[in-house]
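None of these values were measured; they are calculated from a predicted model.
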Number of protein chains: 2
Amino acid sequence: MTAREPTGAELLAALSALANAHRLRIIGALADGRQYVSLLARELGMSRPLLHMHLQRLQAAGLVTGELELTADGKAVKYFEATEFAFSITPQAIKEIVPTLPESAKGRDTDS
Amino acid sequence: MTAREPTGAELLAALSALANAHRLRIIGALADGRQYVSLLARELGMSRPLLHMHLQRLQAAGLVTGELELTADGKAVKYFEATEFAFSITPQAIKEIVPTLPESAKGRDTDS
DNA sequence: GACACATGTAAGGTTTTTCTTACACCGGAC
DNA sequence: GTCCGGTGTAAGAAAAACCTTACATGTGTC
């Protein structure tokens with residue numbers, strides 16, 4: 001089930017996206033199933049624009065996916081759901097992805 | 001071997017601490033074994049004060065531990081090592097720690 | 001038409017994080 | 001004493017993240 005080991009950039013993006021209490025609650029709320037933005041905002045007690053921003057951040061990291069749908073009565077509603085990610089975070093795992101981090105070639109030894 | 005499931009605050013602190021390329025490299029460098037600050041700074045190509053700050057952040061999250069030692073020639077050197085943390089990050093795991101997040105009782109819907 | 005409810009986004013301010021520079025201390029070697 | 005290498009920390013600027021308010025769109029209902 002483990003799709004593929006993430007690259008350094010991907011892991012960093014995921015960790016950054018999850019390093020926020022609001023976004024953890026969003027993922028927690030979506031763990032059961034998909035939900036649309038306005039209702040999710042009411043459930044979580046946050047403003048729509050704020051939720052929108054956090055969802056963008058989570059989607060950019062590949063942690064959630066959004067899909068715009070049209071209900072029977074013609075309303076446009078955007079449903080989000082959590083992707084089935086699974087990260088194992090250990091010192092050893094981090095050590096292995098460090099070489100794939102961006103600008104990891106930056107810390108060159110003293111070439112002077 | 002899994003010591004104990006982290007609380008929401010602990011997980012959030014760990015994720016926040018790991019959401020940084022420098023700190024990932026620090027953990028990666030310490031995955032092999034302990035090292036002292038000045039040498040680690042040279043290896044990673046960053047200034048001592050900056051490394052000091054990042055180590056403080058990692059230590060505050062419980063991801064590294066520091067120990068001040070005196071070498072045979074009387075120098076005071078501070079060694080850091082990575083703790084043996086292991087986090088499994090999945091939507092379901094996040095859902096379970098959400099209730100233990102600080103101020104999680106804030107956005108509570110009208111229980112009615 | 002006005003209203004309710006869904007979407008999105010831009011502007012702006014506040015707060016947090018990040019990083020550099022500069023300073024302080026201690027102990028051994030020259 | 002001066003130099004070197006280790007420690008720590010404070011001040012302040014720069015950058016990024018966070019959040020609110022306000023505005024824009026569209027559709028169905030009254």
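- Between A:H54 and D:dC19, a side-chain N or O to OP1/OP2 separation shorter than 4.0 Å is present.
- Residue contacts for A:M53: at a heavy-atom cut-off of 4.0 Å it reaches a base atom on one of the strands shown.
- The nearest whole Å value for the distance from the CD atom in A:Q56 to the C1' atom in C:dG8 is 9 Å.
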Exercise for the section: Quick one: do A:T65 and A:E81 satisfy side-chain contact (heavy atoms from CB on, under 4.5 Å)? Show the steps, please. Expected result: CA-CA 6 Å; A:T65 57; A:E81 70 179 328; 3.5 Å; yes
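- The side chain of B:R57 lies closest to C:dT18 when the candidates are C:dT7, D:dG6, C:dT18.
- Protein atom CG of A:L50 is 12 Å distant from nucleotide atom C1' of D:dT21, rounded to whole Å.
- Between A:S47 and D:dT20 there is a side-chain polar atom (N or O) within less than 4.0 angstrom of OP1 or OP2.
- Atom OH of B:Y79 and atom P of D:dG8 are 13 Å apart (whole Å).
- Between A:R42 and C:dC5, a side-chain N or O to OP1/OP2 separation shorter than 4.0 Å is absent.
- Summarising the geometry, the separation between CG on A:L15 and C1' on C:dT17 is reported as 17 Å, rounded to the nearest angstrom.
- At D:dC19, none of the side-chain N or O atoms of A:R48 fall inside 4.0 Å of OP1 or OP2 (strictly under the cut-off).
- The separation between A:L40 atom CG and C:dT7 atom C1' is 15 Å, rounded to whole Å.
- The side chain of A:N20 places no N or O atom within less than 4.0 Å of a non-bridging phosphate oxygen (OP1 or OP2) of D:dA17.
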Exercise for the section: Could you please spell out the steps behind the side-chain contact (heavy atoms from CB on, under 4.5 Å) verdict for B:R34 and B:E69? Expected result: CA-CA 12 Å; B:R34 45 186 252 155; B:E69 294 188 7; 2.9 Å; yes
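- A residue-by-residue look at A:P49 and A:V77 shows that A:V77 has its nearest nucleotide of DNA chain C further toward the 5' end.
- Atom-to-atom distance recorded for B:L40:CG and B:H52:NE2 is 12.5 Å, nearest 0.5 angstrom.
- Residues A:A29 and A:L44 come closest through the heavy atom pair CB-CD2, 4.3 Å.
- Between B:Q59 atom CD and D:dT7 atom P the separation is 14 Å, expressed in whole Å.
- Base contact: A:K75 has a heavy atom under 4.0 Å from a base atom.
- Listed nucleotides C:dT20, D:dT7, C:dT7 differ in distance to B:Y36; the shortest reach to its side chain belongs to D:dT7.
- In this structure, CG of A:L55 is placed 15 Å from C1' of D:dC19, rounded to the nearest angstrom.
- For the pair A:L68 CG and C:dC5 P, the interatomic distance rounds to 19 Å; values are reported in whole Å.
- Interatomic distance, A:E10 CD to A:F87 CZ, rounded to the nearest 0.5 Å: 8.0 Å.
- Note on B:H52: a base of the nucleic acid sits closer than 4.0 angstrom, heavy atoms only.
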